[in-house]
Amino acid sequence: MDAYDAKAIERKWQAVWEAEQAFHVENHSPGDAPDEHFYMLEMLPYPSGSLHMGHVLNYTLGDVVTHFRRRHGFTVLRPMGFDSFGLPAENAAIKDGGHPLEITERNMEAIRHQMRIMGWAIDWQREVSAHEPTYYHWTQWLFLKFFEHGLAYRKEAPVNWCPNDQTVLANEHVVDGRCWRCGAVVEARNMAQWFFKITAYADALLEDLATIDWPERTKKIQTSWIGRSEGAEILFRVEELDIDIPVFTTRPDTLFGATFFVIAPESPLVQKLSDDEEVLSYARVAAARPTEEREQRKKTGVFTGRYTTNPVNGAQIPIWVSDYVLMEYGTGALMAVPAHDERDGEFAEEFDLPVVSVIGDDGRLINSGEFDGQPFEEARRAIVDWLSAQGKGKPAIHYRLRDWSFSRQRYWGCPIPIVYCDEHGAVPVPESDLPVLLPEVDDYRPKGQPPLASNAEFINAPCPICGKPGRREADTMDTFVDSSWYFLRYTDPKNDHAPFDREIADYWMPIDQYIGGIDHAKGHLLYSRFFVKAMNDLGMVGFREPFQRLFHQGWVRLEGKRMSKSQGGVSPNELIDRFGADAIRIYILFQGPADQDIDWSPDGIEATVRFIRRLWRVVHEAALRPESPPGVDTPLARKAHETIARVSDDIDRRFVFNTPIAAVMELVNELSKAPGDPAARFAAETAVSLLQPYTPHVAEELWGVLGHTSRLWTLEWPTHDESMLQHDTIELVLQVNGKVRDRIQVPAGLPEDELIARARASERVQAHLDGEERRVIVVRDKLVNIVV
RNA sequence: GCGGAUGUGGCGGAAUUGGUAGACGCGCACGGUUCAGGUCCGUGUGCCCGUAAGGGCGUGGAGGUUCAAGUCCUCUCAUCCGCACCA
């Protein structure tokens with residue numbers, strides 16, 4: 001027996017898999033495509049630096065599922081690619097020099113290498129990268145389709161502006177109101193921005209959550225992010241100015257209690273309602289105040305001097321301006337009901353405004369004219385009906401979700417295929433002119449305008465309609481656009497006349513198992529759902545959800561901090577070099593349930609290497625034993641069958657990956673204690689076969705040691721014999737008053753009387769039977785509990 | 001403030017349907033083998049009392065349901081996460 005040499009074994013089998021393209025799957029013509037197919041996908045990596053232990057967990061998990069499904073006869077699509085546009089490469093180029101493309105491709109090569117030496121079963125023939133023109137060609141094409149159908153549009157909107165870096169920042173790059181890079185206080189600035197109309201899909205995104213198998217907490221995050229609330233829009237008339245101000249409320253039943261009215265400081269209504277300098281200056285100061293300060297509990301505000309009419313009772317109520325009203329939500333104005341809304345109540349107290357209670361302790365309306373006495377739920381409808389009849393209101397639904405702003409004033413992203421013409425406005429680049437290639441620029445640093453704007457050759461382009469000089473859009477797309485459809489491109493990655501073929505996409509999609517971090521719950525996972533729904537409506541795909549089943553792996557933490565590219569962490573390469581990929585794979589999954597966070601400690605790795613070496617030795621010993629006869633029935637054989645059952649159920653139904661390792665360890669322990677057992681060969685083969693998805697290299701090698709020439713990775717998963725799980729004798733637990741007093745071996749299947757008799761016969765039980773027997777509970781083949 | 005998750009030995013965790021708490025592994029202790037060993041093998045290891053037999057206690061805390069609770073119910077504490085003046 002040679003010593004276990006992880007490196008040699010891993011290189012050997014990785015070479016075989018590559019030479020045989022073992023994990024490549026073909027697209028069949030629709031008629032003869034295999035029925036049993038499975039689309040396994042993990043979120044694609046962002047190529048900044050190299051992979052960290054969090055990735056190792058993510059992709060090893062996916063790898064186990066891939067092998068497990070393959071060996072159950074499924075044709076498994078398991079592709080890989082790179083989210084290769086984005087700020088980090090650009091920032092690295094600014095900071096250290098070099099080109100974002102070079103930096104990105106260097107990192108990609110490092111990651112491909114890591115993926116290869118981890119031995120992951122990936123179909124590399126389907127690799128896609130966001131920054132390749134052959135990919136972003138179709139990102140641009142999809143943008144044009146969305147634009148054509150009104151799902152992509154341009155409008156003025158507030159953005160996070162860093163006055164120091166002279167650029168817009170994404171929300172996640174604003175930390176405590178400051179720029180993450182230079183620390184300058186971020187300002188709100190209005191700029192023309194491109195948006196996707198994700199709000200048009202708010203209801204669909206909510207409703208279809210019921211059709212997908214996702215963790216409840218993720219559904220909850222999306223639900224609260226979309227933030228649907230039902231209520232009414234009510235018009236408040238300002239007679240002097242002859243205007244109606246709409247407000248949104250979820251509590252129209254409290255309308256009679258509206259004793260004042262408040263508008264947001266940013267609201268254009270402020271100027272209309274008042275020219276008083278005190279009011280205007282309050283509004284200016286309040287609007288400019290950072291959000292944090294606005295959230296401080298003490299209410300501020302100023303009376304405009306104007307009144308509006310409560311539509312339901314004609315009361316003249318004062319109009320105030322206060323920064324507790326948000327311009328972004330509802331209509332930027334609200335009816336204040338101090339008796340039944342905590343915030344309105346605080347405001348009323350601060351400024352000594354009247355409070356009228358309109359709901360009694362019994363939940364029925366009071367002080368509400370003709371609606372008095374109605375339960376408030378009924379009144380809610382009745383009042384809205386009454387308002388509708390009067391033309392003063394209507395039922396309304398509001399969402400917290402806003403349209404997705406995807407313009408980025410940065411270089412390293414997908415160009416937006418638009419030309420601005422003085423005459424024709426924003427004109428889409430014709431499909432035949434795609435892709436609009438990302439050009440070279442002299443300097444990636446944004447200086448008040450996006451880097452692309454400085455490239456005259458790029459920026460000056462004729463209007464596609466009239467041919468007169470126009471200017472290209474200089475913004476690039478948010479990288480979340482790239483990742484909103486990459487999983488579709490994988491199904492048909494080489495297509496050069498369309499993003500993908502619908503029939504092929506419909507065949508593979510939706511993804512059967514998606515694995516990635518929960519941090520993408522309201523970003524990538526929501527955007528991708530929106531894309532698929534929109535594409536379905538445009539007739540491009542035949543399904544409405546991209547990810548049928550979703551799993552979130554936990555974080556790998558180092559000293560309490562999440563390992564990530566920015567935080568650094570433990571280098572997988574070094575670990576592979578020292579312990580081998582198989583040991584790392586088994587180690588990372590053995591730490592605990594995969595959806596729980598792992599605190600990194602190097603201690604356990606030695607142990608997993610020790611286990612592999614033990615397996616190596618025990619299997620070699622077993623290989624010297626004669627072939628196990630079919631149907632061999634020994635305790636070791638039974639243990640093997642039990643292990644097959646446990647491992648299969650854990651991976652398949654329970655989706656847990658740590659306990660199967662423990663189960664196989666038990667089997668290997670049993671085997672090492674009974675090397676001469678006639679079932680030794682069988683037990684060894686079972687252990688190796690069950691471990692194959694976890695440790696594919698050493699499993700393959702040991703499969704050969706056991707005399708097989710077949711490819712274990714292609715073989716059917718073992719099945720257990722149900723009859724081998726039945727035990728002839730069982731351990732019967734004997735309790736007195738619920739406390740365990742004895743355990744005895746009895747034949748399985750004894751009748752209750754017999755079990756009771758045997759329980760009473762136990763000396764240890766008798767020692768505690770000093771009172772009158774009141775009751776005896778029997779769980780057959782398990783326990784007897786005597787109550788005295 | 002609202003919503004959610006988690007809490008089990010010295011440590012990571014197991015216990016799937018209310019039925020033996022602590023599987024498997026780390027660590028530790030003792031013994032053996034080798035001896036250059038940070039190798040390998042074996043035994044033990046929840047806590048307390050006891051030489052032992054045995055007994056008591058024990059799943060963040062307090063109550064409850066039940067013959068029986070880590071598991072179900074009520075309250076509570078701690079940690080983490082999400083949302084947060086959303087009308």
Side-chain angles (χ1 to χ4, degrees), chain A residues 215-225 227-229 231 247-252 254 258 262 264 291 294-299 322-326 328-337 340-344 346-347 398-401 518-519 521-522 555 557 560 586-587 590-593 595-601 603-608 610-611 613-614 617 646 649-650 653-654 656 658-669 672-673 731-743 764 767-768 774-788:
Chain A
E216 281 308 314
R217 56 184 170 143
T218 314
K219 291 186 179 183
K220 218 151 237 163
I221 290 173
Q222 292 206 342
T223 303
S224 63
W225 188 253
R228 182 184 205 270
S229 32
V247 299
F248 175 71
T249 178
T250 54
R251 296 298 305 275
T254 64
V262 197
T291 328
R294 287 178 72 155
E295 283 170 9
Q296 278 165 9
R297 283 284 160 184
K298 186 137 162 79
K299 296 282 183 284
S322 172
D323 64 3
Y324 86 91
V325 178
L326 307 177
E328 314 87 80
Y329 188 81
T331 61
L334 61 81
M335 64 179 223
V337 184
H340 303 289
D341 182 285
E342 203 187 327
R343 298 149 301 172
D344 297 343
E346 284 169 23
F347 194 84
H398 273 253
Y399 300 89
R400 211 185 58 146
L401 181 71
I518 193 169
D519 47 325
K522 55 183 199 274
W555 293 97
R557 296 174 182 275
I586 214 166
Y587 168 77
F590 188 56
Q591 291 313 294
D595 55 354
Q596 255 172 48
D597 291 357
I598 294 171
D599 275 309
W600 174 261
S601 91
D603 301 342
I605 292 200
E606 306 269 4
T608 54
R610 209 177 302 160
F611 168 67
R613 278 203 291 258
R614 187 178 160 84
R617 196 177 56 241
R646 278 173 65 185
D649 187 51
D650 281 355
R653 183 180 62 83
R654 300 179 66 205
V656 295
N658 53 330
T659 47
I661 300 169
V664 175
M665 283 175 170
E666 282 184 49
L667 177 60
V668 173
N669 289 346
S672 74
K673 279 179 202 153
E731 191 180 66
L732 186 71
V733 173
L734 305 181
Q735 297 182 329
V736 178
N737 289 338
K739 290 193 177 181
V740 178
R741 294 303 178 184
D742 202 0
R743 286 158 201 187
R764 292 184 208 188
H768 293 89
R774 291 205 300 186
R775 199 170 162 189
V776 181
I777 282 96
V778 180
V779 181
R780 287 191 58 189
D781 286 351
K782 236 174 202 161
L783 99 173
V784 174
N785 184 13
I786 301 174
V787 186
V788 297

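Residue numbers begin at 1 in each chain, while the letters A, B, ... track the order of the sequences.
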Does [X] place a side-chain N or O at less than 4.0 Å from the phosphate oxygens OP1/OP2 of [N]?
| X | N | answer |
| --- | --- | --- |
| A:Lys522 | B:C81 | no |
| A:Asn669 | B:G25 | yes |
| A:His768 | B:G55 | yes |
| A:Ser229 | B:A87 | yes |
| A:Gln596 | B:U6 | no |
| A:Arg614 | B:C41 | yes |
| A:Arg613 | B:C40 | yes |
| A:Asn737 | B:C67 | no |
| A:Arg646 | B:U16 | no |

Minimum-distance nucleotide to [X] side chain [options: [options]]:
| X | options | result |
| --- | --- | --- |
| A:Trp225 | B:C83, B:G4, B:G13 | B:C83 |
| A:Arg741 | B:A87, B:G56, B:A21 | B:G56 |
| A:Asp649 | B:U16, B:G13, B:C26 | B:U16 |
| A:Ala662 | B:G56, B:A23, B:C67 | B:A23 |
| A:Arg775 | B:A87, B:C40, B:C67 | B:C67 |
| A:Asn785 | B:U20, B:A68, B:C40 | B:A68 |
| A:Asn658 | B:C26, B:G13, B:A87 | B:G13 |

Expressed as a whole number of Å, how far does the C1' atom of B:G13 sit from that of B:A21?
-> 13 Å

Interatomic distance at P, B:G4 relative to B:G9, whole Å = 26 Å

Return the pairing partner of [N] with a 3.5 Å limit on both distances, Watson-Crick or G-U wobble; otherwise return none.
| N | result |
| --- | --- |
| B:C57 | B:G46 |
| B:G37 | none |
| B:U17 | none |
| B:A84 | none |
| B:U79 | B:A5 |

Atom NZ of A:Lys739 and atom P of B:G55: how far apart are they, to the nearest Å?
-> 10 Å

Nearest whole angstrom, please: distance from the P of B:A84 to the CZ of A:Arg400.
-> 5 Å

Separation between CZ (A:Arg646) and OG1 (A:Thr659), nearest 0.5 Å, reads 7.5 Å

Test: A:Lys299 cationic atom under 6.0 Å from A:Tyr324 six-membered ring centre, within 45° of axis | yes

Give a yes or no answer on whether the side chain of A:Gln222 reaches the backbone of A:Thr218 with a donor-acceptor pair at less than 3.5 Å.
-> no

Is the base of B:G9 syn or anti, if syn means a glycosidic angle within 90° of 0?
-> syn

In terms of the nearest nucleotide of RNA chain B, which residue is placed more toward the 5' end: A:Val779 or A:Met335?
-> A:Val779

Which residue lies toward the 5' end of RNA chain B, A:Thr659 or A:Met665, if each is placed at its nearest nucleotide?
-> A:Thr659

base_contact_polar (B:U20 base, A:Gln735 side chain, donor-acceptor, <3.5 Å) = no

Does one side chain, of A:Asn669 or A:Arg614, offer a donor that lies under 3.5 Å from an acceptor on the other?
-> yes

